[in-house]
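Remember, predicted model here, so these are calculated numbers, not experimental data. We use all heavy atoms of the structure for the numbers below, so side chains are in, but hydrogens, waters and symmetry mates are not.
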Amino acid sequence: MSQRPSIAFAKFSAPKTGMVFLLSADEGGLSDAAKACDPGRTLERAFPVAEFTGKFASAVEVLAPEGTSLDRLVAIGAGKVSGLDEYAWLKLGATIAASLRKATDVAVVLEMAGASPSGKDAASLAAGILLRSYSFDKYKTRKDKDDAEPKKPVKVTIHTTAPAAAKKAFADAEAVIDGVLLARDLVNEPANMLGPVEFAARAKELEALGVKVEILAEKEMKKLGMGSLLGVAQGSPRGARMAIMQWNGGKPKDSPVAFVGKGVTFDTGGNSMKPASGMEDMKGDMGGAAAVTGLMHALAARKAKANVVGIIGLVENAVDGHAQRPGDIVTSMSGQTIEVLNTDAEGRLVLADALWYCNDRFQPKFMVNLATLTGAIMVALGQHYAGLFSNNDDLALRLTAAGQATQERLWRMPLGAEYDKLIDSKNADMKNIGGRYGGAIIAAQFLQRFVKETPWAHLDIAGTAMGSPSNEINQSWGSGFGVRLLDRLVRDNYEQ
C-alpha cells in the first residue's frame, strides 16, 4: 500500500528546510506569517507572471526560493474565505497532497490574510491530505524507477494558531477517514482474496475497537429460514456469512439505529450470466457492505455516543451445477416466497433476509441499507449522486442534508403502489424483477416488502461506490462512498 503521511500540528515558526505550502485567499494575498517564509518575496513576484489571484485550488510553485534553504515554496489559492466550509478544506488538503511528489518534510502555513482558520478547519485539511494520498497498490511487486516511493513517509506539519484544538478535532476526523480507507480497501480487493469468509474475518477485527461482532454461517442462517440469501450463495463453494456488528455507545436501553449492507463479493450474474466485458468490476459488488463496515469502524474509533447496529450479508454469486436457476422459488426469512426470474437480480435477495433479520431482532429506530444494486440508477443519475428511496420523509431529509454536508450526495427517487404491483407473481408472493422500465425503483419496492412499518431508506450506490469519477479527495477505484455520509447522519441527529 502507499505510505501514509504522518500529520502533526504546531504553532507557527518559519520553516527552514523542506517543502512549504502557503494559503492565499482570493485577492487577499499572503498573510504576514506566510511572508515570513519567503523573505526574498519570490512568490509575490511570481503571482502576476502566473496570473495567480488566489482562485480556489490554483497554485504557484517556486523551486529553491531566493533567500531561504527551502526545497520548494508553493502558494495554494483558497478562494473566497466565505466559501471555506468543511468540504472545501478537505479539497484544499487534497490539493496539497497531489503536489507532494517525493517530498518527505512538508510544512503547511494555515494563516491567511483576513482569515483565522480554526482547529476544525486544520483537521479537515489534514483529513483531505490523507484521503487524496490513498492508493491501492499492495499487489504490485515492481515499480518504475520514477514511481518509487520515498524511503520514509512524508511528514506534514500544519502550522496553526490553534494546534491543541486541531489535534483534538483531527483525532475525531481521522477515525472517520480510517473508516473510509477501510471501505476502499475492501472494495479494491480482488475476489479471490476477499470472499465471504475473508470479509467476515475483516469485520471480526472491529472487536479491537470495542465493536461486538457475531458471524452467522450457513448452518445458522438455514435454521433462521434465510432461504432468499442462501439461494444466491448455493452455486459457490465459498459459503455464505452474515456479520452482525454492534456499537453500544449510547444509553443501554435506547433502541439502536441500523445499517445494512449488500456484500456480494463477486457477482457473475449466476445462471443469468453477465457479459464478459466489465465483469471484473463485479469484485466491487460488496460496496454496501464495505461502507457499513467502514462506518462501524468510524463510529467505534471516535467513540460515538449512539447505539448502532451494522449487518452485512456476504455471498458469492457463482455458477456451477448447484447454482440457483431462473424460475426457482425460495422462501425468505419473513415467510414470503420469491420467484427468482433473474439470478442477476441477486442483491435484493440478500438484503431481503438481512433487513428482516435486523428489524426482527433489534427493532431499530430506523434502517438504512446500502447496495450497489442496479445499473438502472446509473442511467437515471449518472455517477455523481446515489439514489435515495425511503418510506419516511424525516429520514430522507436528514440523509439528504448529510449528503449535502459531506458532498456524498443523494437524490430522492419515488416509491408507489403502481411500481409495487409490478413484482406480483402468479407463482409466488412476489418475483425479483418487474420489467424493463424503472428498474431501480422496482428493486426498492422489493426491499420495502421486508421492512414492515419501520422507518427505512435504501441507498443505491452502484454509480458512486466503485469506478466513480476521480475527484479531489479520491483517486481510487473504490471510493468508500457512504462512510462520511452516514457518520454525519448519526453525528448530527442521533448522538446523545
Side-chain angles (χ1 to χ4, degrees), residues 187 191 194-196 199 218 221-222 226-242 260-275 278-290 292 311-334 336-357 369-378 423 425 428-435 439-440 442-450 458-462 465-466:
V187 173
L194 189 79
F199 199 137
E218 289 177 286
M221 287 188 280
K222 186 174 182 180
M226 295 187 183
S228 183
L229 183 152
L230 292 173
V232 177
Q234 70 189 43
S236 172
R238 304 182 76 177
R241 295 292 186 271
M242 180 175 285
V260 179
K262 170 191 171 183
V264 179
T265 59
F266 194 80
D267 180 21
T268 65
N271 277 311
S272 304
M273 180 76 74
K274 292 181 181 293
M279 195 193 287
E280 67 275 8
D281 288 350
M282 289 300 100
K283 69 175 186 177
D285 207 17
M286 29 58 69
V292 171
I311 293 179
I312 52 176
L314 304 169
V315 302
E316 181 177 63
N317 189 21
V319 182
D320 76 355
H322 299 286
Q324 192 165 243
R325 297 154 292 267
D328 283 2
I329 294 177
V330 296
T331 302
S332 67
M333 184 182 175
S334 70
Q336 299 174 92
T337 56
I338 305 162
E339 185 178 19
V340 181
L341 296 184
N342 188 322
T343 64
D344 192 26
E346 86 299 332
R348 64 202 70 180
L349 300 174
V350 173
L351 288 170
D353 280 340
L355 285 166
W356 190 270
Y357 176 84
N369 73 256
L370 299 91
T372 50
L373 206 62
T374 68
I377 200 65
M378 297 170 67
I423 56 172
S425 168
D429 295 327
M430 71 193 83
K431 54 190 178 182
N432 73 328
I433 57 173
I442 289 167
Q445 291 291 166
F446 181 94
L447 296 177
Q448 191 176 15
R449 294 193 179 195
F450 297 90
H458 157 54
L459 307 184
D460 194 333
I461 59 173
M466 55 178 179

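- Qualifying side chain to side chain donor-acceptor pair (under 3.5 Å) partners for Glu316, counting only residues two or more places apart in sequence or in other chains: Ser236, Arg238.
- In this structure, Asp320 has no salt bridge (charged side-chain N to carboxylate O under 4.0 Å, His left out) partners at least two apart in sequence or on a different chain.
- With sequence neighbours excluded, no residue forms a salt bridge (charged side-chain N to carboxylate O under 4.0 Å, His left out) with Asp429.
- The side chain to side chain donor-acceptor pair (under 3.5 Å) test applied to Ser272 returns Asn342, Thr343, not counting sequence neighbours.
- Scanning for side-chain contact (heavy atoms from CB on, under 4.5 Å) contacts around Ile442 gives Leu422, Ile423, with sequence neighbours left out.
- Residues meeting the side-chain contact (heavy atoms from CB on, under 4.5 Å) test with Ala352, sequence neighbours left out: Ser228, Phe446, Phe450.
- Not a single salt bridge (charged side-chain N to carboxylate O under 4.0 Å, His left out) links Asp353 to another residue, sequence neighbours left out.
- Looking at Met282 and Thr268, their side chains never come closer than 4.5 Å, going by heavy atoms from C-beta outward.
- Among residues two or more places apart in sequence or in another chain, the side chain to side chain donor-acceptor pair (under 3.5 Å) test is passed with Gln336 by Ser334.
- The shortest side-chain heavy-atom distance between Thr265 and Lys283 does not fall under the 4.5 Å cut-off.
- Between Met279 and Met273 the shortest side-chain heavy-atom distance falls below 4.5 Å.
- Contact annotation: the side chain of Val315 never approaches that of Glu346 to less than 4.5 Å [non-hydrogen atoms, C-beta and beyond].
- Counting heavy atoms from C-beta outward, Lys262 and Asn369 have side chains that stay 4.5 Å or more apart.
- Asp281 pairs by the side chain to side chain donor-acceptor pair (under 3.5 Å) definition with nothing, not counting sequence neighbours.
- The shortest distance between side-chain heavy atoms of Thr374 and Arg348 falls below 4.5 Å.
- Residues satisfying the side-chain contact (heavy atoms from CB on, under 4.5 Å) criterion with Met378, sequence neighbours excluded, are Gln383, Ala462.
- With sequence neighbours excluded, the residues satisfying salt bridge (charged side-chain N to carboxylate O under 4.0 Å, His left out) with Lys274 are Asp267, Asp344.
- In this structure, the side-chain contact (heavy atoms from CB on, under 4.5 Å) partners of Glu339, at least two apart in sequence or on a different chain, are Ile329, Leu341, Ser425, Asn427, Ala428, Lys431.
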